[in-house]
Structures are given as C-alpha cells and as structure tokens.
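Below, each value reflects all heavy atoms present in this structure, side chains not excepted, and no hydrogens, waters or symmetry copies.
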Amino acid sequence: SDGNIWAGTVHFGVYKIENINSPTPTVTRMNCFNGQDFHVFALEEDEDHNIWIGTRTKGLVKYDGKQFTHYPLDEKQPANIRALKKDNQGNLWIASENSGVKKYDGTNFTSYTTKDGLSSNHVVSLMLNSDGSIWIGTSDNGVNRYDGHRFTHITTEDGLSSNAIWTITEDAEKNIW
C-alpha cells in the first residue's frame, strides 16, 4: 500500500522494489533467513501493512517493516505454502500443497484437511469472493468453497475441464473463474 512492489522468487527469497516510478528503482533483497536461499511462492499484505511471506520449506514469515517473525508450521513435511489470503474477519488463510489449508487468527492456527471435508490436501490457490466465502483450488481434486461452516466441492464430474485449479478470481459480475 506504500507504493512498493514485493517479489517472491525461486531460490533467492523475497525482494522489495522501491521508487518504482523512478528511472532507477531501488531493489533490495530482504534478509529473512540470514542470507540463506529459499523459495517464495506467496505474498500478502494485511490491514496493518505487514507483509506475509509463504515459503516452500521455511514456513510462514511476517515482516512488520522492521523485523521478520518466523511462524514454523507444525508439519511432518515442508508446508510448501502456495497461496495466502486475508479474509473479511482479518484471518490469514494459508494454502499448503502438502497439508490442506490453515486459518491463522493472529493467535492460533486452525487446520482444514480432507478429514474436515476438503476435497484434497494439495491446495495451491485461494480466493476471497464478494460474499466472504473462501475458494480453495487444489492441484488434483477441483475447487472447494468454504462458507465458514462447510465445504462444497466442484470437480470434473460437475463440469470442470480439469481438477487442477492453479488460480481463481471473481469478475465484476460476481462470476468465479
């Protein structure tokens, strides 16, 4: 929101690009893990202007403008965070290609997996639509809509051409793509 661009990379972490309208923008590699290389697949800014960083093997990171806070996710395997999305209640939703989706309320993490009604634990995309529902795309079993109470699934059996849903958006007419 301050006019900067944040870029997540494979191998080299996250970069902040400032003065984007200048002939010479300033590019800074952010030092999240003491110079270690890591993959960033998701970025999200919250209402307090914190930058949330989803990584492949290092979990979730929050940058508050001064310091990085690491939130290791209790996983038996790397979380492989693929998407992040803030909802209307201020919760952060975390898509994991290995372990479903998590909701972080600022204090606690709540996990949702196939045991809770999610169609697959291989989650790769998230979208908050205009009615406040979270749409959850999987790499192998279609899309899920979570209304705060239950999951609804849409797959190739319902008319999708593929069960791999890598991105989801809502247009001005409230159609989901």
Side-chain angles (χ1 to χ4, degrees), residues 5-11 13-14 38-47 50-62 70-177:
I5 303 278
W6 290 83
T9 69
V10 174
H11 299 297
V14 65
F38 63 100
H39 302 289
V40 173
F41 291 141
L43 295 165
E44 180 80 355
E45 182 178 16
D46 68 19
E47 63 278 356
N50 297 308
I51 302 296
W52 291 90
I53 304 164
T55 72
R56 180 174 181 205
T57 59
K58 306 255 187 215
L60 180 67
V61 178
K62 179 178 81 172
H70 183 229
Y71 296 81
L73 301 175
D74 186 26
E75 306 287 338
K76 291 180 179 34
Q77 56 189 342
N80 203 359
I81 296 171
R82 290 299 187 149
L84 299 168
K85 185 57 67 181
K86 290 293 279 192
D87 69 17
N88 296 335
Q89 290 76 44
N91 300 306
L92 179 68
W93 290 81
I94 304 152
S96 169
E97 193 167 15
N98 297 324
S99 56
V101 66
K102 294 181 182 343
K103 179 176 74 171
Y104 180 60
D105 66 8
T107 304
N108 298 305
F109 288 91
T110 303
S111 294
Y112 299 94
T113 67
T114 53
K115 293 176 185 174
D116 303 295
L118 194 62
S119 68
S120 169
N121 289 332
H122 304 287
V123 178
V124 293
S125 59
L126 296 168
M127 191 268 300
L128 176 69
N129 81 329
S130 57
D131 73 2
S133 296
I134 296 287
W135 287 75
I136 302 163
T138 71
S139 62
D140 62 350
N141 204 14
V143 65
N144 300 260
R145 179 181 174 266
Y146 185 67
D147 64 7
H149 305 288
R150 67 183 185 92
F151 291 97
T152 305
H153 313 119
I154 304 169
T155 67
T156 53
E157 292 178 12
D158 302 301
L160 291 177
S161 62
S162 171
N163 277 330
I165 309 298
W166 291 96
T167 188
I168 311 165
T169 194
E170 180 179 29
D171 67 22
E173 284 81 40
K174 302 185 189 309
N175 296 303
I176 305 298
W177 294 85

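- The closest donor-acceptor contact from the side chain of T9 to the backbone of G13 lies under 3.5 Å.
- Side-chain atoms of N91 do not come within 3.5 Å of backbone N or O of K103 as any donor-acceptor pair.
- The ring pair (Phe, Tyr, Trp, His ring centres under 6.0 Å) pairs that include a residue from residues 156-177 number zero, where partners must be two or more places apart or lie in different chains.
- Taking both residues in full, the closest heavy atoms of S111 and D116 are given as O-OD2, 3.5 Å, listed atom of the first, atom of the second, then distance.
- In this structure, H11 and H39 have tilted ring planes: the angle between them lies in the 30° to 60° band.
- Qualifying side-chain hydrogen bond (donor to acceptor under 3.5 Å, both in side chains) partners for D140, counting only residues two or more places apart in sequence or in other chains: S120.
- The salt bridge (Lys or Arg N to Asp or Glu O under 4.0 Å) test applied to D131 returns R145, not counting sequence neighbours.
- A heavy-atom distance below 4.5 Å is not found between the side chains of L92 and D46.
- In terms of modelled atom types and a separation under 3.5 Å, the side chain of H122 and the main chain of E97 share a donor-acceptor contact.
- Counted within 6.0 Å of CD on E157, heavy atoms from surrounding residues, nucleotides or ligands total 12 or fewer; the atom is thus considered open.
- Note that CE of M127 is 11.5 Å distant from CD1 of I165, once rounded to the nearest 0.5 Å.
- The closest side-chain heavy-atom distance from I176 to I168 is below 4.5 Å.
- Between the side chain of S96 and the backbone N or O of G100 there is no donor-acceptor pair closer than 3.5 Å.
- Taking each heavy atom of N163 and T156 in turn, the nearest pair found is OD1-N, 2.9 Å.
- Between Y112 and Y146, the ring-plane angle classifies as tilted under the 30° and 60° cut-offs.
- Between L60 and L84 there is a side-chain heavy-atom pair separated by less than 4.5 Å.
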Between V61 and V14, does a side-chain contact (heavy atoms from CB on, under 4.5 Å) hold up when you go through it step by step?
CA-CA 11 Å; V61 178; V14 65; over 6 Å; no
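- A donor-acceptor distance shorter than 3.5 angstrom exists from the side chain of E170 to the backbone of S130, with no hydrogens or angles considered.
- Listed for the H153 side chain is no donor-acceptor partner under 3.5 Å among the backbone atoms of N141.
- Listed for the N121 side chain is no donor-acceptor partner under 3.5 Å among the backbone atoms of T113.
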